[in-house]
Number of protein chains: 2
Amino acid sequence: MASPTLSDVAQAAGVSYATADRVVNKRGNVAEKSIRKVRDAMAALGYVRNVAAANLSRGRVYRLAFLIPLGPNAFFNRIRDHLKITAERLQTEQIRVEIIEVAAFGVEDMQAGLTALLEQDFDGVAIVGLKSAALEQPLAALRQKGVAIVGLVSDLPIDYRSAYIGIDNRVAGRTAARLIGMAHGGGKGLVQTFAGALAAHDHAERLAGFQEVITADFPKIALLNPLMTKDAAAVVQSQASAALAQHPDLTAVYNVGAGNSGLIAALTLAPRKPFCVVHELVPHTRKAVEAGHIDIVIDQRPDVEINRAFSVLRALIDEQGVPRMPELVPTIYLRDNLPGAPFPETMKDKTT
Amino acid sequence: MASPTLSDVAQAAGVSYATADRVVNKRGNVAEKSIRKVRDAMAALGYVRNVAAANLSRGRVYRLAFLIPLGPNAFFNRIRDHLKITAERLQTEQIRVEIIEVAAFGVEDMQAGLTALLEQDFDGVAIVGLKSAALEQPLAALRQKGVAIVGLVSDLPIDYRSAYIGIDNRVAGRTAARLIGMAHGGGKGLVQTFAGALAAHDHAERLAGFQEVITADFPKIALLNPLMTKDAAAVVQSQASAALAQHPDLTAVYNVGAGNSGLIAALTLAPRKPFCVVHELVPHTRKAVEAGHIDIVIDQRPDVEINRAFSVLRALIDEQGVPRMPELVPTIYLRDNLPGAPFPETMKDKTT
DNA sequence: CAAAAAATGATAGGCGTCAATCATTATTCT
DNA sequence: AGAATAATGATTGACGCCTATCATTTTTTG
């Protein structure tokens, strides 16, 4: 009943342990015939290699690095928190995690960070929310060295990473559009969108997806030109206030980027409240949902992403191929399914 | 730089390996003073036990059983599929999974299934979607034996399980209500709900949550009495058709239970299409979303639940306590964020 | 057919931990 | 103090696999 070991396989195949070992570890110098015998025996016995034993034997430790933009951004804080908790838990499995913080928008810093990675020998690297052509050089070098690379939250050039773990931002934008459209109940509408900058791929994609759906499926809803905010709360606030004042018939707002505290502030002051959709559940957006200023938060589930990053990195390092896992879907939060607080008080004032 | 071993700890603490071992494995017969010395040394060196080595040494294999209702139910099929895939992958980590199918609504079968578990010695059991007072006896016996028990998808009596992995159905119902409410854009409405049977806790909870939110926050929306369907598609279809005919002003329908193919059929035939919310993304509901017959699917993410079941069971068996993980949230699908193929191809396949 | 090359066998030490044994040393009790 | 008890030390053989070495056999080649 005990699991068969490699010795069992060797015996069943009628070869020595050494030969069986040569086969499973691809050491070469084995006759085709023997390879077949061993393979057959493995199949017959249902042999599965005991990775624990293997890793123990070869003294493997998984050395992983997470590159995360530095700064007070609430979303990245969330990532960092989850990362720390998970890393802690994975210590027992010989996984060592280093969190490397990189100045958010300085290309040189990123390059420096990546280059530094080359020195230390990591087995895998997850790169969070950094995208720049300037990264290609060091990424290529890392890859060359056999380091597993995954893009987290925002994708990397496809040639330089083995996997992307994050949501499809076009889908996220479309989702926002569908919800906003629905909330108009077939009526007319006017929507103001906000983005950090169109240079940011994810923002551009969200906006594109958003516009696609609105134009295609909700002809009665008009779109104002997106306002660029640099993801700065102050900018968002002033622009949002201006937009609210200028368009008394505004029915909805959608911010694809950050700086939501500004948006919330503007909405709090506004006499009417348009339907409001934003991204990422962080303390202040959460509060705003509870208060009724924000109707919907579309979230990436960084916790899920982090978990997945670990399993993918590990699989890549073990050369097992990326496990098949269902797609990551932008999660929709509204006041009733916020995690943590089961039952919010119901809204007294009715809106939309 | 290498991780400290227990020998290192012993040395640093100035005791023998044997004593250090007595401390970490709680074998007793150790002086307080020594315990302290060892603990301090562990902290100082940052010792973490190498579980791989430990499990190897004690020849541990995790023997897990999943009890799943038998039958052609699309949702349970989904669970089963994910389970198989995951189990396959976890073989390398000495996790052996047995899927035990139990006749869905036969209490005796369930009991028999559980009692059978007692004979074989499993380390952990996950019980999916079965709830009955008749289970208490065998559950208690299992627990007594030290088997870790988790409820999956639908909860077990709290005294007989160590964890529940599933969504909060009241939250799910509230979520549905909020979405339906939103979709009325502040206008009037009339909603028909469907449930399998109120005896099913999850159905009752969903309905309750749903009614809570509608009555509290959407006073212009009227609720018809829920129709009981026994989760049978044929019943759903006839009732839905009747309701649609009888209430020309019906604006929305919400089915908390199964039998959605009947609902879809009825909607397809209907001249007007009310806003439609159902549960669980399975092939036919998915198709209906794409076709525009269903507007929203609220899903449990069985894949996520399965994954979590494994980590929780493992943690329980290792006596590490249940890791803190973010709550499971009912996921909202609409036509724009439907996941691609349920099981995307592997991105890179290298057989070992 | 002998020599070279390729394949195979046999075996051993180590990875970190567990579990056990036996001998030795401290501590407590009468 | 001496005996009984508790605590500690020292050591060993698994567990399954990796890695390496060296001897032996088989196959290929000229």
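Just so you know, these numbers use all the heavy atoms, side chains as well, and skip hydrogens, waters and symmetry mates. Each chain gets a letter, A, B and so on, in the order its sequence line appears, and its residues count up from 1.
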Under the salt bridge (Lys or Arg N to Asp or Glu O under 4.0 Å) rule, what do B:Arg143 and B:Asp159 come out as? Steps first, then yes or no, please. CA-CA 10 Å; B:Arg143 193 135 210 234; B:Asp159 289 334; over 6 Å; no

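Pairs engaging residues 118-129 of chain A under the side-chain hydrogen bond (donor to acceptor under 3.5 Å, both in side chains) rule: none recorded [sequence neighbours left out].
Nearest heavy-atom pair across A:Ala163 and A:Val312 is CB-CG1, 3.9 Å.
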How does protein contact run along nucleotides 17-27 of chain C, one letter per nucleotide 5' to 3', with B for base contact, S for sugar-phosphate only, - for none, heavy atoms under 4.0 Å? BBB--------

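A straight line from CG of A:Asn29 to P of D:dT19 spans 16 Å, rounded to a whole angstrom.
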Identify every side-chain donor-acceptor pair in residues 32-54 of chain B under 3.5 Å, counting partners at least two apart or on other chains, and give the distances.
| residue | atom | partner | partner atom | Å |
| --- | --- | --- | --- | --- |
| B:Asn50 | OD1 | B:Ala52 | N | 3.0 |
| B:Asn50 | OD1 | B:Ala53 | N | 3.1 |

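Phosphate proximity of C:dT8 to A:Thr19: absent, as no side-chain N or O sits under 4.0 Å from OP1 or OP2.
Salt bridge status for A:Asp299 with A:Arg78: present, with a side-chain N to carboxylate O gap under 4.0 Å.
Residues A:Glu32 and B:Leu56 each lie close to DNA chain C; by heavy-atom proximity, the contact nearer the 5' end of the strand is made by A:Glu32.
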